[in-house]
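Okay, so here's the structure we're looking at.
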Amino acid sequence: MSGASELLSQAGDGLVAALAPVGELVDQLTVSLAPVVVPAQEVFLQLDTVLQPVCDAAGFPMDQLRVLACLMLSTPLAFLFARLTPLPPVYKHLVSIFLGLFFSFYTIGAQTIHSFVSSLVVYVLVALLNRFGIAHKLVFVFAMTYMSLSHIYRMHVDYLGWSLDFTGPQMVITIKLTTFAFNCFDATRPEADLSKYEKERRIFQLPSLLEYYGWIYFFPGYLAGPSFDFSHYKSYCDKRVFEFPSTVFATLKSFVQSILCIVFVVFGDLFFPISYLKEDAFFTRPFYFRFIFVWVSTSLKRFNYYTAWGLAETAFIACGLGYNGPVDPKDATKGHKWNRVASYQLLDVEFAPNIRSTVMFWNMRTQQWLANYVYLRFPRDAKNNVRGIAVLITNMLSAAWHGWYSGYAASFATAALYTTLARELRRVVRPLFISGVDAEGKEIFSPYKRFYDVASWAVTMSFMSYSFCSFILLDGPLYVRVWESLYYLGHIIPIVAFIIIKIFFPPKRRVKSDAKKE
């Protein structure tokens with residue numbers, strides 16, 4: 001066993017011992033809540049009985065099927081939740097908490113206590129310390145530490161396993177808790193110092209615990225996200241009139257897309273299983289086969305995420321929380337936007353012309369969290385330009401939020417390399433396909449521009465698949481072996497290309513004008 005593995009094992013043993021009292025507390029709570037828990041367990045067993053034939057036929061693990069069933073059930077429940085609009089907000093909060101806890105106990109059982117306790121700690125910190133301007137910092141440290149320890153604990157008890165536990169919902173809650181603390185802090189700052197984004201999300205008054213937990217456990221986004229702002233939830237629940245257009249067509253469209261994603265998931269598991277990348281037989285195949293298999297299998301694996309995100313987003317649309325205004329404010333006949341809490345844009349990811357677009361439209365809510373509550377929170381002025389440090393810390397926090405497997409860090413680091421190269425390639429290559437500028441100043445592309453676009457897409461997807469395999473395989477020896485079978489071309493080609501561009505095609509130096517000297 002390597003030194004890193006031994007260190008991880010020792011850390012895991014220590015964490016298990018430290019969390020033993022928490023386990024005892026859970027057992028005590030389970031006993032005290034027996035009159036409620038026992039009937040609930042009977043309901044859960046009945047639900048498992050219904051799902052078992054599907055589990056046997058499709059080969060899905062029961063824990064994953066439970067989550068899928070809850071996500072699919074959340075859409076009709078969201079339609080019903082929207083019917084509560086005329087009622088006072090208190091009823092909406094109670095229903096939200098009940099359904100969120102029902103989903104939670106059905107999928108992760110007593111581990112639900114993690115979401116309750118961590119949220120309560122943050123609520124107390126904000127209530128006591130926000131006036132001193134330090135609560136948001138303490139909350140961020142607490143939430144990320146709690147999340148990191150949870151990931152380490154999971155690695156110890158289920159190394160490389162894909163069984164579902166509390167860490168999935170806790171990742172979403174971590175985003176919620178940190179944004180909540182920052183939004184409360186922003187309400188104490190001078191308005192002139194705030195961006196438009198920060199002004200729209202300020203929380204001027206500490207919500208009641210009922211409101212707070214109604215938002216934490218809001219059932220459409222509890223299991224798989226997306227995270228969304230408390231101010232958005234509160235304004236929705238405070239409404240006594242349903243002010244949104246009909247949600248039926250938009251909901252149906254989103255639901256159908258999610259179901260189609262399930263088809264791709266099943267197809268991938270049957271014909272391009274990721275597990276094949278771990279088998280010796282894969283490495284005896286010709287290079288072209290290994291290259292194509294990595295490309296296709298990792299691309300199809302992304303549909304697992306699209307399915308969960310899509311079903312959750314469908315429920316948000318069904319209840320009206322996904323509404324983002326008309327496409328054209330001046331002409332309502334042009335349709336409406338339902339992307340207020342969108343987590344992804346499938347076509348923009350799968351047909352992206354460059355790495356930047358792929359990253360931008362993948363897990364969008366997390367990207368917004370990292371941008372607005374980490375990267376943009378760093379001070380920057382003419383004398384204090386910390387952009388490089390901000391980028392580094394943001395990427396490190398992103399990797400830590402995902403987990404402590406080396407595959408996450410390797411994937412993000414490789415993607416950062418691709419982003420840097422793509423910027424340089426665009427600077428050098430793209431002008432070759434611009435034939436001029438029209439009277440309005442718009443670029444005129446040559447007839448060969450389409451070949452440039454196709455080539456950009458193919459290069460982007462092949463390199464992203466190379467990077468994404470470490471995100472999926474997670475363990476160093478596993479993904480390094482795959483990279484080795486591809487001769488590390490996903491690293492060598494970008495590095496060599498970057499060096500060549502820097503040597504032979506350096507950026508033109510800007511000539512400072514002397515006009516300002518006069």
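Just so it is clear, the structure is predicted and the values come from calculations on it, not from any experiment.
- Between the side chains of S343 and E313, no donor N or O sits under 3.5 Å from an acceptor N or O.
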May I have the list of side-chain donor-acceptor pairs in residues 214-221 shorter than 3.5 Å, sequence neighbours left out?
{"from": "W215", "atom 1": "NE1", "to": "F228", "atom 2": "O", "distance (Å)": "2.9"}
{"from": "Y217", "atom 1": "OH", "to": "S115", "atom 2": "OG", "distance (Å)": "2.8"}
{"from": "Y217", "atom 1": "OH", "to": "F116", "atom 2": "N", "distance (Å)": "3.2"}

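- Remark: the backbone N or O of T179 is paired with a side-chain donor or acceptor of N183 at under 3.5 angstrom.
- Proximity of R189 to E198: side-chain heavy atoms (C-beta onward) are separated by under 4.5 Å at one or more points.
- No more than 12 heavy atoms of other residues, nucleotides or ligands sit less than 6.0 Å from atom CD of Q205.
- The closest donor-acceptor contact from the side chain of S398 to the backbone of T394 lies at 3.5 Å or more, if one exists at all.
- A donor-acceptor pair under 3.5 Å is formed between the side chain of Y123 and the backbone N or O of P207.
- Side-chain atoms of S357 and N354 form a donor-acceptor pair, as typed in the model, at a separation below 3.5 Å.
- Side-chain atoms of K92 come within 3.5 Å of backbone atoms of C237 as a donor-acceptor pair (strictly under, hydrogens ignored).
- Between D186 and R377 a salt bridge is recorded (basic side-chain N to carboxylate O distance below 4.0 Å).
- For R131, the CZ atom is loosely surrounded, since the number of other residues' heavy atoms within 6.0 Å does not exceed 12.
- In this structure, D165 and Q111 approach most closely via the heavy-atom pair CB-OE1, 3.3 Å.
- Aromatic rings from Y405 and H151 are positioned such that their centres are separated by 6.0 Å or more.
- Checked against the 6.0 Å centroid threshold, Y222 and F103 do not count as a close aromatic pair.
- No more than 12 heavy atoms of other residues, nucleotides or ligands sit less than 6.0 Å from atom CZ of F264.
- Between the side chain of D475 and the backbone N or O of L478, no donor-acceptor pair lies under 3.5 Å.
- Other residues, nucleotides and ligands contribute more than 12 heavy atoms inside 6.0 Å of the OH atom of Y276.
- In this structure, the ring of Y236 has its center no less than 6.0 angstrom from the ring center of Y233.
- Taking the centre of each ring, Y213 and H93 stay at or above the 6.0 Å mark.
- Between Y344 and W362, the gap from one ring centroid to the other reaches at least 6.0 Å.
- Each of N130, L120, V139, I134 was checked for a side chain to side chain contact (heavy atoms under 4.5 Å, CB included) with L125, and the lone residue meeting it is V139.
- A donor-acceptor pair under 3.5 Å links the side-chain atoms of E211 to the main chain of S208, judged by distance alone.
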Under 3.5 Å, which donor-acceptor pairs link side chains of residues 58-70 to any protein atom two or more places apart or in another chain?
{"from": "D63", "atom 1": "OD2", "to": "L164", "atom 2": "N", "distance (Å)": "2.9"}
{"from": "R66", "atom 1": "NE", "to": "D48", "atom 2": "OD1", "distance (Å)": "3.0"}
{"from": "R66", "atom 1": "NH2", "to": "D48", "atom 2": "OD2", "distance (Å)": "3.0"}

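- When atom types are taken as modelled, the side chain of S467 and the backbone of F463 share no donor-acceptor pair closer than 3.5 angstrom.
- A pairwise comparison of heavy atoms in L489 and Y466 identifies N-OH, 4.3 Å as the closest pair.
- Within 6.0 Å of the OH atom in Y91, the count of heavy atoms belonging to other residues, nucleotides or ligands does not exceed 12.
- Environment of CZ in R202: crowded, with over 12 heavy atoms of neighbouring residues, nucleotides or ligands closer than 6.0 Å.
- In the displayed structure, K337 atom NZ is contacted under 6.0 Å by more than 12 heavy atoms of other residues, nucleotides or ligands.
- A side-chain N or O of W369 and one of T178 form a donor-acceptor pair less than 3.5 Å apart.
- Note on ring orientation: taking the six-membered ring where Trp is involved, the planes of W309 and Y305 are tilted (angle from 30° to 60°).
- A donor-acceptor pair is defined here as one N or O able to donate and one able to accept, closer than 3.5 Å; such a pair exists between the side chain of S74 and the backbone of L71.
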Exercise. Y212 and F180: ring-ring contact (aromatic ring centres under 6.0 Å, His included), yes or no, with the steps?
Worked result: CA-CA 10 Å; Y212 179 70; F180 175 79; 5.1 Å; yes

